[in-house]
Amino acid sequence: MESRKICILGDFAVGKTSLVQRFVNNQFSDKYLTTLGVKVDTKQVALDHGRALKLAIWDVAGTDAPTQLFLRYARGAAGYLLVADRTRPETLDACVTLHDAVAAAVRPLPYVFLGNKSDLRDQCRLQPALARTRLPDALDWLETSALTGEGVELAFRRLAAGMLNDP
Ligand code: GDP
Ligand code: MG
């Protein structure tokens with residue numbers, strides 16, 4: 001089976017590790033999961049027309065700033081998930097910075113934008129329309145929740161399909 005390396009990028013505590021946990025193990029923990037270094041999980045996704053892709057998902061600590069370490073992780077990736085916390089609109093700024101850093105370090109890779117923590121409805125102040133404006137080249141802009149699972153499977157599938165179509 002074909003496989004691809006992907007990264008999950010975004011500001012501190014937006015829910016990157018929780019989203020990977022939800023997708024890979026179908027679990028959510030409200031304990032603070034501080035990611036040390038890098039953790040790689042793998043999971044297969046089934047796509048249309050009987051196609052499937054094996055994803056090696058790199059969850060990297062401290063990806064809020066495009067450091068040298070971050071750039072080494074990004075190299076070799078075929079695509080990425082870019083995550084903001086909808087209760088903290090300023091986390092969209094980190095997404096834009098990281099997006100530009102990937103394009104400069106590697107090339108403009110396919111990615112999906114995730115507005116996470118959508119379950120915290122009363123506190124959601126980041127609207128998807130703003131993400132569309134600031135990150136217009138994303139494959140998709142999804143509302144997700146690692147807590148409920150909303151949009152999580154879809155995000156990985158959209159990215160997988162987008163990478164297969166990427167020359
Ligand atoms: P990371 O630093 O981006 O890897 O973020 P974590 O996955 O460690 O999550 C940071 C905090 O946000 C933790 O307390 C999580 O339980 C919480 N969290 C993550 N995703 C969600 C979500 O979708 N909804 C809610 N309500 N909390 C979340
Ligand atoms: Mg983490």
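Counting starts at 1 for both ligands and their atoms, following the listed order. Not measured: the values here are computed from a predicted model.
If you check each of Asn116, Asp119, Val20 against atom 26 (N) of ligand 1, the one with the closest non-hydrogen atom is Asp119.
Remark: Lys43 does not engage Asp41 in a salt bridge, criterion side-chain N to carboxylate O under 4.0 Å. A salt bridge is absent between Arg4 and Asp166; no separation between the charged side-chain nitrogens and carboxylate oxygens falls under 4.0 Å.
Looking at ligand 1, you won't find any N or O of Phe28 less than 3.5 Å from one of its N or O atoms. For a threshold of 3.5 Å applied to N or O pairs, the pair formed by Thr144 and ligand 1 contains no separation below that value. For a threshold of 3.5 Å applied to N or O pairs, the pair formed by Ala13 and ligand 1 contains at least one separation below that value.
With sequence neighbours left out, the salt bridge (charged side-chain N to carboxylate O under 4.0 Å, His left out) criterion links Arg88 to Asp85.
Judged by distance alone, the side chain of Arg157 and the main-chain N or O of Leu47 form no donor-acceptor pair under 3.5 Å.
No part of Ser118 comes within 4.0 Å of ligand 1, judged by heavy-atom distances. At a heavy-atom cutoff of 4.0 Å, ligand 1 is contacted by no atom of Leu19, backbone or side chain.
Not a single heavy atom of Gly10 sits closer than 4.0 Å to an atom of ligand 1.
Taking SG of Cys95 as the reference point, atom CG of Asp11 lies at 7.5 Å (rounded to 0.5 Å).
The ring-ring contact (aromatic ring centres under 6.0 Å, His included) analysis of residues 80-101, with sequence neighbours excluded, yields the pairs Tyr80-Tyr111, His99-Tyr111.
When each atom of ligand 1 is checked for a heavy atom of Ser29 under 4.0 Å away, the hits are 16 (O). Counting the atoms of ligand 1 from 1 in the order shown, those under 4.0 Å from a heavy atom of Ser18 are 6 (P), 7 (O), 9 (O), 15 (C), 19 (C), 20 (N).
Looking at Leu130, Val96, Val112 one by one, the single match for side chain to side chain contact (heavy atoms under 4.5 Å, CB included) with Leu135 turns out to be Val96.
In summary, an N, O or S atom of Thr17 is located under 2.8 Å from the Mg ion (ligand 2).
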